[in-house]
Amino acid sequence: MVIDAHGHYTTVPAGLRVFRALQISNMGRPAKAVVNISDDEIRMSLEKGQIRLLDERGIDVMLFSPMASAMGHHFGNALISRYWTEVNSDLIHRVCKLYPSRFVAVCSLPQSPGVSPGECAQELERCVKELGFVGCNLNPDPSGGYWTGPPLGDEWWYPLYDTLQSLDVPAMIHASATCNPAFHTTGSHYLNTDATAFLQLMESRVFRDFPKLRIVMPHGGGNVPYQAARYRALAIMNKWEPFDDLVKRIYFDTTVYNQDAMELLIKVAGVDNIIFASEMLGGVNTTDPSTGKSFDDNRRFLDAIGWLTDEDRRKIFEGNARKAYPRLTVPASV
């Protein structure tokens with residue numbers, strides 16, 4: 001089985017965007033409301049997009065979460081974030097009920113700058129216990145590019161880590177859009193966030209205090225594979241946990257888009273910590289003129305790595321995702 005662990009609902013029906021526009025226009029009076037989207041609209045939004053590409057690329061199942069850039073944690077207040085997050089979670093749940101063999105639900109969290117991450121526990125528990133979600137996306141910078149909150153190693157985050165650990169679900173580190181004009185959302189902000197989050201965890205005691213906490217680092221870990229020697233040196237200089245031990249505590253997804261980068265990622269993080277993912281449809285939804293193929297059609301790079309064994313591929317395409325997301329119950333292919 002091929003499990004893609006990083007997909008976003010970027011093709012949402014127009015009704016969700018209408019809901020958000022109305023919510024923004026009434027920002028001073030946040031109110032809970034129902035989004036007006038039919039099952040047929042959901043099907044139309046997926047059949048010619050994600051589902052067609054899953055079939056074409058030989059991908060069986062995708063872990064599916066709300067559009068990351070639209071999480072919008074920096075916008076409005078905590079109540080606006082809560083209502084917006086609930087609507088998106090409910091929509092993802094509907095998708096997975098319509099296509100139970102193709103999509104598995106992952107939620108976003110109702111984060112808001114200055115608000116304790118512990119306030120997200122209720123929505124996380126609702127999604128996991130009531131709706132059957134298997135994980136969540138965690139934004140380490142709800143301020144949208146200004147980094148106004150405490151780092152991930154601060155005990156401010158501990159109530160959320162405690163909930164994640166008790167529910168036995170992982171958190172994928174994932175930023176939302178930036179409101180800082182110095183950064184491009186998918187070109188620099190996302191990758192900066194990955195690298196910053198990794199270093200924040202590296203200089204912390206999070207994994208000692210929460211030994212069963214599972215963290216998934218997207219986008220190949222940002223600069224982590226390329227700058228592995230720098231991280232090794234920093235760990236020695238600061239007497240932190242050795243870099244090569246730390247990377248074994250984290251899962252890295254394969255949302256990198258050429259074979260050289262893919263091979264370096266696997267060599268640095270190790271086969272047991274790599275999860276196949278394409279972030280489709282996402283930040284690189286365009287054709288590479290040198291190959292005529294979409295950049296995010298990246299399974300082919302794994303298939304082309306000659307030194308991977310069959311068992312290595314089984315781990316990367318399926319086994320490691322099941323370890324990282326133990327609530328994932330999709331039957332194995334026969």
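Side-chain atoms are counted along with the backbone in the values below, which use heavy atoms only and exclude waters and symmetry mates.
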| Pair listing, side-chain hydrogen bond (donor to acceptor under 3.5 Å, both in side chains) test, anchored in residues 18-28, at least two apart | Arg20-Gln23, Asn26-Arg29
| said: Taking Ile80's backbone N and O only, do any of them form a donor-acceptor pair with Asn77's side chain (distance below 3.5 Å, no angle check)? | reply: yes
| Under the side chain to side chain contact (heavy atoms under 4.5 Å, CB included) test, residues paired with Arg230 that sit two or more places apart | Gln227, Leu234
| task | Kindly compute the distance separating OG1 (Thr193) from CD1 (Ile173), expressed to the nearest 0.5 Å. | result | 9.5 Å
| query | Does CZ belonging to Phe210 count more than 12 external heavy atoms closer than 6.0 Å? | reply | yes
| request: Decide side-chain contact (heavy atoms from CB on, under 4.5 Å) for Ile3 and Val330; before the verdict, give the C-alpha distance in whole Å, the side-chain angles of both, and the deciding distance to 0.1 Å. | output: CA-CA 10 Å; Ile3 299 172; Val330 177; 6.0 Å; no
| said: Are Leu246 and Leu264 connected into the same hydrophobic cluster when the rule is that any two of I, L, V, M, F, W, Y join if their side-chain heavy atoms are below 4.5 Å apart? | reply: yes
| query | Checking Asp288 side chain against Gly292 main chain: does a donor-acceptor pair fall under 3.5 Å? | reply | no
| said: Hydrophobic clustering (ILVMFWY, side-chain heavy atoms < 4.5 Å, transitive) - are Leu54 and Leu302 grouped together? | reply: yes
| said: When you measure from the side chain of Ser188 to the backbone of Phe183, do you find a donor-acceptor pair of N or O atoms at a distance under 3.5 Å? | reply: no
| query | So which pairs with a foot in residues 146-161 pass side-chain hydrogen bond (donor to acceptor under 3.5 Å, both in side chains), sequence neighbours left out? | reply | Tyr158-Asp209
| Those residues that, when tested against Glu56, pass salt bridge (Lys or Arg N to Asp or Glu O under 4.0 Å) (two or more places apart) | Arg52
| query | Got a salt bridge between Asp55 and Arg102, using NZ or NE/NH1/NH2 to carboxylate O under 4.0 Å? | reply | yes
| Between Pro218 and Met172, is any pair of side-chain heavy atoms under 4.5 Å apart? | yes
| field | Check: His8 side chain, Pro66 main-chain N or O, donor-acceptor pair, under 3.5 Å | value | yes
| field | Heavy-atom donor-acceptor pair, Thr10 side chain to Leu281 backbone, under 3.5 Å | value | yes
| remark: Applied to residues 165-179, the salt bridge (charged side-chain N to carboxylate O under 4.0 Å, His left out) test, sequence neighbours excluded, yields Asp168-Arg214
| task | Kindly compute the distance separating CG (Leu138) from CG (Leu152), expressed to the nearest 0.5 Å. | result | 6.5 Å
| task | Quick one: list whatever passes salt bridge (Lys or Arg N to Asp or Glu O under 4.0 Å) with Arg327, sequence neighbours left out. | result | none
| Any donor-acceptor N/O pair, Thr255 side chain to Ala277 backbone, under 3.5 Å | no
Side-chain donor/acceptor pairs under 3.5 Å, residues 106-113, sequence neighbours excluded:
unit_1, atom_1, unit_2, atom_2, d
Gln111, OE1, Asn139, N, 2.9
Gln111, NE2, Asn139, O, 2.7

| According to a 4.5 Å side-chain heavy-atom criterion applied to Ile, Leu, Val, Met, Phe, Trp and Tyr, with indirect links allowed, do Ile92 and Leu131 form part of one hydrophobic cluster? | yes
| task | Check side chain to side chain contact (heavy atoms under 4.5 Å, CB included) between Glu119 and all other residues, then give those that pass, not counting sequence neighbours. | result | Val115, Ser116
| query | For Arg57, which residues count as a salt bridge (Lys or Arg N to Asp or Glu O under 4.0 Å) partner, sequence neighbours excluded? | reply | Asp296, Asp297
| query | Excluding sequence neighbours, so at least two apart, what forms side chain to side chain contact (heavy atoms under 4.5 Å, CB included) with Lys323? | reply | Tyr251, Asp272, Asn320
| message | I'd like to know whether CG of Asp310 has more than 12 heavy-atom contacts from other residues, nucleotides or ligands below 6.0 angstrom. | response | no
| request: Indicate the atoms forming the closest heavy-atom contact of Cys96 with Ala105, along with that distance. | output: SG-N, 3.4 Å
| task | Could you list the residues that satisfy side chain to side chain contact (heavy atoms under 4.5 Å, CB included) with Ser38, not counting sequence neighbours? | result | Asp40, Glu41
| message | Walk me through whether Gln50 and Tyr99 qualify under side-chain hydrogen bond (donor to acceptor under 3.5 Å, both in side chains). | response | CA-CA 12 Å; Gln50 286 90 340; Tyr99 299 97; over 6 Å; no
| Common cluster, Phe19/Met71, ILVMFWY with side-chain heavy-atom separation under 4.5 Å | no
| query | Do any N or O atoms from the side chain of Thr291 and from the backbone of Lys293 form a donor-acceptor pair under 3.5 angstrom? | reply | yes
| task | For Glu241, enumerate each residue passing the salt bridge (Lys or Arg N to Asp or Glu O under 4.0 Å) test, keeping only those at least two apart in sequence or located in another chain. | result | Arg249
| query | Are there more than 12 heavy atoms of other residues, nucleotides or ligands under 6.0 Å from atom CG of Asp245? | reply | yes
| Got a donor-acceptor contact below 3.5 angstrom from the Asp162 side chain to the Pro159 backbone? | no
| query | Quick one: are the ring centres of Phe276 and Phe317 less than 6.0 Å apart? | reply | yes
| query | Where the side chain of Ser294 meets the backbone of Asn285, is there a donor-acceptor pair that is under 3.5 Å apart? | reply | no
| query | Hey, what do you get for CG (Leu308) to CD1 (Ile305), rounding to the nearest 0.5 Å? | reply | 5.0 Å
| About how many Å separate OH of Tyr9 and CZ of Arg94, when rounded to the nearest 0.5 Å? | 8.5 Å
| query | Can you check whether His219 and Tyr190 have ring centres sitting under 6.0 Å from each other? | reply | yes
| said: We want to know whether Asn88 and Thr85 form a side-chain donor-acceptor pair, criterion being a heavy-atom distance below 3.5 angstrom. | reply: no
| request: Indicate whether any N or O donor in one side chain lies under 3.5 Å from an N or O acceptor in the other, for Ser278 and Asn298. | output: no
| said: Quick check for you: to the nearest 0.5 Å, what is the distance between Glu130 atom CD and Ser89 atom OG? | reply: 11.5 Å
| task | Go through the steps to decide whether Ile24 and Trp84 satisfy the test side-chain contact (heavy atoms from CB on, under 4.5 Å), and finish with yes or no. | result | CA-CA 10 Å; Ile24 291 172; Trp84 176 234; over 6 Å; no
| task | Decide yes or no on salt bridge (Lys or Arg N to Asp or Glu O under 4.0 Å) for Asp90 and Arg126, but give the supporting numbers first. | result | CA-CA 10 Å; Asp90 291 342; Arg126 180 183 81 94; 3.0 Å; yes
| message | Apply side-chain contact (heavy atoms from CB on, under 4.5 Å) to residues Asn273 and Val247 and explain how you reach the verdict. | response | CA-CA 8 Å; Asn273 295 80; Val247 294; over 6 Å; no
| message | Assess, by modelled atom type and distance only, whether the side chains of Glu125 and Thr163 contain a donor and an acceptor separated by less than 3.5 Å. | response | no
| said: Assess the residue pair Ser143 and His74 against the criterion (side-chain contact (heavy atoms from CB on, under 4.5 Å)); give the C-alpha distance rounded to whole Å, side-chain angles, the decisive distance to 0.1 Å, and a yes or no. | reply: CA-CA 5 Å; Ser143 70; His74 58 274; 5.5 Å; no
| said: Please determine whether residues Phe295 and Leu53 belong to a single hydrophobic cluster, defined as Ile, Leu, Val, Met, Phe, Trp and Tyr linked transitively by side-chain heavy-atom distances below 4.5 Å. | reply: no
| message | Counting neighbours of NZ on Lys248 that are heavy atoms of other residues, nucleotides or ligands and sit closer than 6.0 Å, is the number greater than 12? | response | yes
| Under 3.5 Å donor-acceptor, Arg82 side chain and Glu123 backbone | no
| message | Centroid separation under 6.0 Å, is that true for the rings of Tyr231 and Phe198? | response | yes
